[in-house]
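Excluded from the calculations below are hydrogen atoms, water molecules and symmetry mates; all remaining heavy atoms, backbone and side chain alike, are included. When a ligand or atom number is given, it counts from 1 through the structure's own listing order.
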Amino acid sequence: MAQPFSTAKRPPSYSLAQIVLHWTIAGLVAWQLFISGHPPRIQPGSVQGFWAMTTASSHVWLGLTVLALVVVRVVLRLSQGAPPPVESPPAAEVASRVVHFLFYLLLFFMPITGILAWYFGLPTGDIHELGQPVFIVLIAAHVAASLWHQFIRHDGLIRRMVVPAR
Ligand code: HEM
Ligand code: HEM
């Protein structure tokens, strides 16, 4: 099965830029999902207090930042490639490709549906909110898989997203 975003390039690890983008986007998404997206704080008209205003406006600006960063990330992914998959059972390999692909989809889907609701008043707020549980399930699976590789299979997978190849 062809890997989404696969290219002929197979470096031993991700590049420094890819690693910085992965962790920056992960941190921003955590903020968007667990702190600033909390309904009472983001509902227009019900925002009260400094913290509420800051988190509500940060939701918009940091969400736009995620969109810009993910565009750069996809360009780098296509131009620099990714390390070859580590040795895993075929089902685990397929699951990892599917989860990574869905992450990229959601990283576009969430900001775009948010922009359409916030700036254009289109009825995409509900579907934007539906992305939250999907994102959380994928993150849980992704973290569990990373820990499985690291502590059960001892194949050094996390190192590829921490120590750059170049
Ligand atoms: C990765 C980017 C983003 C993520 C993960 C995200 C996540 C969320 C979450 C979790 C909620 C609350 C859902 C709930 O608790 O039911 C929410 C609500 C909302 N977000 Fe985002 N968001 C992102 C980007 C954006 C952007 C860029 C905008 C606008 C420019 C935006 C506008 C909104 C609006 C307007 C709501 C309220 C929707 C409603 O009540 O109908 N979001 N978002
Ligand atoms: C919102 C949170 C996160 C998102 C959206 C995310 C997304 C992604 C994506 C899309 C990839 C595939 C990169 C590519 O080949 O283009 C990836 C790889 C990776 N992620 Fe995450 N990630 C998140 C959080 C985490 C966390 C918390 C960990 C640590 C446990 C982690 C560990 C890794 C590792 C080790 C890889 C490399 C996998 C490999 O080399 O096959 N990620 N992540």
Side-chain angles (χ1 to χ4, degrees), residues 3-7 9-15 18-19 21-47 55-70 73-78 80-88 92-93 95-136 138-151 155-163 165:
Q3 184 169 6
F5 297 110
S6 80
T7 69
K9 294 179 187 161
R10 286 297 189 197
S13 193
Y14 290 93
S15 69
Q18 286 175 309
I19 291 170
L21 283 170
H22 173 273
W23 293 111
T24 305
I25 291 171
L28 290 174
V29 166
W31 175 266
Q32 296 294 98
L33 287 175
F34 301 115
I35 301 176
S36 68
H38 194 263
R41 295 180 184 143
I42 192 74
Q43 291 295 338
S46 72
V47 176
T55 50
S57 89
S58 78
H59 188 83
V60 170
W61 290 106
L62 295 180
L64 295 175
T65 306
V66 168
L67 182 58
L69 293 180
V70 79
R73 187 166 171 188
V74 168
V75 170
L76 286 183
R77 181 67 167 79
L78 293 172
Q80 300 183 331
V86 289
E87 191 68 29
S88 318
E93 211 181 294
S96 127
R97 290 171 183 175
V98 169
V99 168
H100 291 173
F101 184 69
L102 290 177
F103 268 146
Y104 282 114
L105 274 186
L106 272 178
L107 288 170
F108 283 99
F109 174 86
M110 293 301 281
I112 289 170
T113 49
I115 288 167
L116 294 176
W118 187 254
Y119 291 112
F120 301 97
L122 293 178
T124 51
D126 287 348
I127 194 165
H128 181 78
E129 291 184 353
L130 270 184
Q132 181 184 34
V134 179
F135 226 140
I136 291 172
L138 289 178
I139 292 170
H142 184 61
V143 170
S146 301
L147 297 178
W148 176 69
H149 277 283
Q150 190 68 24
F151 296 111
D155 53 20
L157 181 91
I158 290 180
R159 189 181 162 80
R160 295 165 17 142
M161 206 36 115
V162 175
V163 181

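Between the side chain of Thr113 and the backbone N or O of Thr124, no donor-acceptor pair lies under 3.5 Å. Using a distance-only test at 3.5 Å, with no hydrogens or angles considered, no donor-acceptor pair links the side chain of Thr55 to the main chain of Ser36. With hydrogens and angles ignored, the 3.5 Å screen pairs no side-chain donor or acceptor of Glu129 with any backbone N or O of Gly37. Not one N or O on the side chain of His149 forms a donor-acceptor pair closer than 3.5 Å with the backbone of Asp155.
Among heteroatoms of the N, O or S kind in His142, NE2 lies nearest atom 21 (Fe) of ligand 2.
Ring centers of Tyr14 and His22: at least 6.0 Å apart, outside the cut-off.
We find the OG1-CH2 distance between Thr65 and Trp31 to be 13.0 Å, quoted to the nearest 0.5 Å. Phe103 contributes atom CZ, which lies 11.5 Å from atom CD1 of Ile25 (distance to the nearest 0.5 angstrom). Atom CD in Gln32 sits 5.5 Å away from atom CG in Leu62 (nearest 0.5 Å). A distance of 10.0 Å separates CG of Leu102 from CZ of Phe135, quoted to the nearest 0.5 Å. Considering CD of Gln80 and CZ of Arg73, their distance stands at 12.0 Å, rounded to 0.5 Å. Here CG of Leu28 is found 12.0 Å from CG of Leu67. Values are rounded to the nearest 0.5 Å.
Of all the atoms in ligand 1, the ones that sit under 4.0 Å from a non-hydrogen atom of Gly125 are 41 (O). Ligand-side atoms of ligand 1 in range of Tyr119: 30 (C), range being under 4.0 angstrom from any heavy atom. Within ligand 2, the atoms closer than 4.0 Å to a non-hydrogen atom of Tyr104 are 10 (C), 13 (C), 14 (C), 16 (O), numbered from 1 in the order shown. For ligand 1 and Leu64, the ligand atoms under 4.0 Å from any heavy atom of the residue are 27 (C). For ligand 2, the atoms closer than 4.0 angstrom to any heavy atom of Val29 are 1 (C). Ligand 1 places these atoms under 4.0 Å from at least one heavy atom of Val66: 1 (C). When each atom of ligand 1 is checked for a heavy atom of Val60 under 4.0 Å away, the hits are 27 (C), 30 (C).
An N or O contact shorter than 3.5 Å links Arg160 to ligand 2 by distance. On a distance-only criterion, Tyr14 and ligand 2 share at least one N/O pair closer than 3.5 Å. Polar contact check, His100 against ligand 2: no nitrogen or oxygen pair lies under 3.5 Å apart. At under 3.5 Å, a nitrogen or oxygen of Glu129, whether backbone or side chain, sits near a nitrogen or oxygen of ligand 1.
Nearest-heavy-atom check against atom 11 (C) of ligand 2 across Arg159, Arg73, Gln150 picks out Arg73. When the heavy-atom distances from atom 6 (C) of ligand 2 to Arg97, His22, Arg77, Gln80 are ranked, the shortest goes to His22. Checking Gly114, Gly37, Ala30 against atom 12 (C) of ligand 1, the nearest heavy atom belongs to Gly37. Ranked by closest heavy atom to atom 28 (C) of ligand 2, the top entry among Phe103, Trp23, Trp31 is Trp23.
For Ala26, heavy-atom contacts with ligand 2 shorter than 4.0 Å involve the backbone as well as the side chain.
Draw a line from atom 21 (Fe) of ligand 1 to NE2 of His59 and another to NE2 of His128, and the angle between them is 170° (to 10°).
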